[in-house]
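Quick notes on the structure that follows.
Residue numbers start from 1 in every chain, and the chains themselves are labelled A, B, ... in the order their sequence lines are given, proteins ahead of strands.
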Protein chains: 2
Amino acid sequence: MEHGHQHEHSIERERECVTGVPIFQQLSDDQITSVAKVTRPIHADKGGTVFSAGEVSQTLYIVNQGQVRLYHLADDGHEQVLRVLNPGDFVGEIALFTDEIHGSYAEATATTELCTISRASLTALIKTLPPLALSLLGALAVRLKTAEKQATLLAIPDALPRLAGYLQELSAHRTGTFDLPMSKQDLAAYLGMTPESLSRKLKQLSTKGVLETVGRRQVKVINVAKLAELAPE
Amino acid sequence: MEHGHQHEHSIERERECVTGVPIFQQLSDDQITSVAKVTRPIHADKGGTVFSAGEVSQTLYIVNQGQVRLYHLADDGHEQVLRVLNPGDFVGEIALFTDEIHGSYAEATATTELCTISRASLTALIKTLPPLALSLLGALAVRLKTAEKQATLLAIPDALPRLAGYLQELSAHRTGTFDLPMSKQDLAAYLGMTPESLSRKLKQLSTKGVLETVGRRQVKVINVAKLAELAPE
DNA sequence: CGAGCAGTTGAATGTTATCAACGCCGGTGG
DNA sequence: CCACCGGCGTTGATAACATTCAACTGCTCG
């Protein structure tokens with residue numbers, strides 16, 4: 001039957017969107033299908049807007065491919081990056097429980113594929129799929145830990161240990177030369193300093209033999225021990 | 001039967017511990033009983049330690065009565081408050097998914113009653129009680145939002161808008177004169193400044209007619225509009 | 001190949017931390 | 001109940017730090 005076939009095909013597309021995402025990984029085939037049924041894939045070109053501040057949200061967004069930059073505008077027009085979403089990351093979880101207005105903008109920094117699930121669908125899914133609830137709880141717990149760690153980092157008045165702490169955390173899961181998750185001016189705002197200060201502090205670390213900056217967006221940690229010394233704790 | 005009676009009595013105690021806590025509130029009587037069965041109440045006197053940094057944790061702690069101060073020690077011995085737990089708040093959710101070592105100390109700032117649930121028990125509960133999963137997800141989402149908001153606050157270089165933003169958030173849910181959730185020296189560290197700076201900035205706000213400091217731990221917001229002006233966004 | 005923006009460097013200014021001393025409140029012990 | 005003691009909080013002066021403003025370099029992308 002033509003119609004039936006088309007329907008199956010479209011489900012296949014959604015399945016692909018779901019299977020690539022860690023929080024759904026431990027689900028069975030049948031369970032993935034039930035998730036896929038309520039999933040709507042969306043696409044965003046590089047530079048495109050996924051959502052804007054001020055919009056009402058009742059949707060969970062999960063990045064499948066590409067990258068999304070989450071930021072909000074300060075009153076002086078200056079952009080403050082909140083988080084960078086890589087494949088598997090998601091945003092909109094607060095919308096699942098309260099009618100919340102987006103406080104931030106989401107912009108694709110590369111060609112990006114996302115999965116969206118409405119609030120009603122997700123709450124229904126959670127009620128019928130306990131493993132999904134656990135996955136989500138785990139993901140939120142990890143994000144919470146990250147956010148709280150960042151808060152304690154930012155509470156450090158001096159810029160150098162603040163930067164060192166950030167780089168230590170960042171380099172912990174990578175090795176050798178690695179990419180910064182955002183531009184240096186975004187990173188500066190993220191770390192609570194000006195781009196000028198970041199530049200100077202990076203040079204300071206470079207002079208001390210702690211690291212080298214490679215090109216525009218890469219950093220190579222040379223002396224992990226020295227970095228740990230400069231970082232808090 | 002003597003033994004049976006004793007057993008029921010002890011369950012009653014745990015029920016009391018559970019019913020007082022928001023995340024369990026929407027559960028039915030039967031469900032509360034099943035939660036109570038795996039709950040272990042613990043008590044901490046004022047000044048007592050609930051847990052210490054370095055300990056392995058596989059337990060969720062929920063505050064029932066009293067207050068718990070969560071902090072960790074910087075390398076210079078200086079205490080950094082992460083969060084203050086009031087009745088209904090909980091800590092240890094990360095322990096539910098990974099064998100994690102506590103990074104912080106938990107100290108009772110008043111006579112405190114807590115409920116504890118082991119990892120195994122809670123994961124089992126979540127699998128059988130979907131509403132509980134939703135409650136937990138909601139609570140984590142709220143905490144996440146708070147933590148991310150604090151991070152963006154702390155990213156502000158100037159102390160005055162940082163303090164103003166904090167006070168605005170704090171006063172939003174209260175009215176008139178209200179208590180600060182911690183001592184001023186703790187608050188200063190929490191806001192990424194020195195106690196001296198906090199004192200000066202509070203005085204500055206007082207001079208501007210924005211607020212008044214009452215006694216040692218109370219603040220009265222006089223001009224909400226002015227406070228909002230000084231706060232970011 | 002050119003334009004524009006990210007990133008760097010430099011000097012001056014402003015803010016904040018630091019160090020030190022002091023009042024003040026709260027709790028403890030006589 | 002009162003007096004003492006200790007820490008919290010405040011105030012003042014200095015110095016270090018980061019921001020600011022401005023000019024310049026060097027990518028990168030069109």
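Taking the six-membered ring where tryptophan is involved, the planes of B:Phe51 and B:His102 are essentially parallel, since the angle between them stays under 30° and well short of 60°.
Taking the nucleotide of DNA chain D with the nearest heavy atom to each of A:Glu196 and A:Arg216, the more 5' of the two is matched to A:Glu196. The residue among B:Arg162 and B:Lys46 whose nearest nucleotide of DNA chain C lies closer to the 5′ end is B:Arg162.
Taking atom CG of residue B:Leu163 and atom P of nucleotide C:dT15, one finds them 16 Å apart after rounding to whole Å. Residue B:Leu198 contributes atom CG, which lies 9 Å from atom P of D:dG9 at whole-angstrom precision. With rounding to whole Å, A:Arg217 atom CZ is found 15 Å from D:dC29 atom C1'. Counting to the nearest Å, the C1' atom of C:dG26 and the CD atom of B:Gln218 are 16 Å from each other. Rounded to whole Å, atom P of D:dT19 lies 9 Å from atom CG of B:Asp158. Atoms CD (B:Gln204) and P (D:dT11) sit 12 Å apart, rounded to a whole Å. Distance B:His78 NE2 to C:dA17 C1': 12 Å, rounded to the nearest Å. The distance between atom CG of B:Leu160 and atom P of C:dG14, rounded to the nearest whole Å, is 17 Å.
Checked for salt-bridge contact, A:Glu14 and A:Arg40 miss the test: no charged N lies under 4.0 Å from a carboxylate O. Salt bridge annotation for A:Asp186-A:Arg69: present, with a cationic side-chain nitrogen under 4.0 angstrom from a carboxylate oxygen. In summary, A:Arg119 and A:Asp99 engage in a salt bridge, as defined by a charged side-chain N under 4.0 Å from a carboxylate O. Under a 4.0 Å N-O distance rule, the pair A:Lys145/B:Glu93 does not qualify as a salt bridge.
Within residues 176-194 of chain B, the residues approached by DNA chain C to less than 4.0 Å at the level of any non-hydrogen atom are B:Gly192, B:Met193, B:Thr194, in residue-number order.
Contact annotation: B:Lys203 reaches the phosphate of D:dT11 (side-chain N/O to OP1 or OP2, under 4.0 Å). Within the 4.0 Å cut-off from OP1 or OP2 of C:dT16, at least one side-chain nitrogen or oxygen of B:Lys201 is found.
In terms of polar N and O atoms assigned as donor or acceptor, the side chain of A:Arg200 comes within less than 3.5 Å of the base of D:dT20 in a complementary pairing.
Test A:Thr213, A:Thr177, A:Asp179 against A:Gln218 for side-chain hydrogen bond (donor to acceptor under 3.5 Å, both in side chains) and you get one pass: A:Asp179.
Seen from the ring of A:Tyr190, A:Arg83 does not count as a face-on cation partner, given the 6.0 Å and 45° thresholds.
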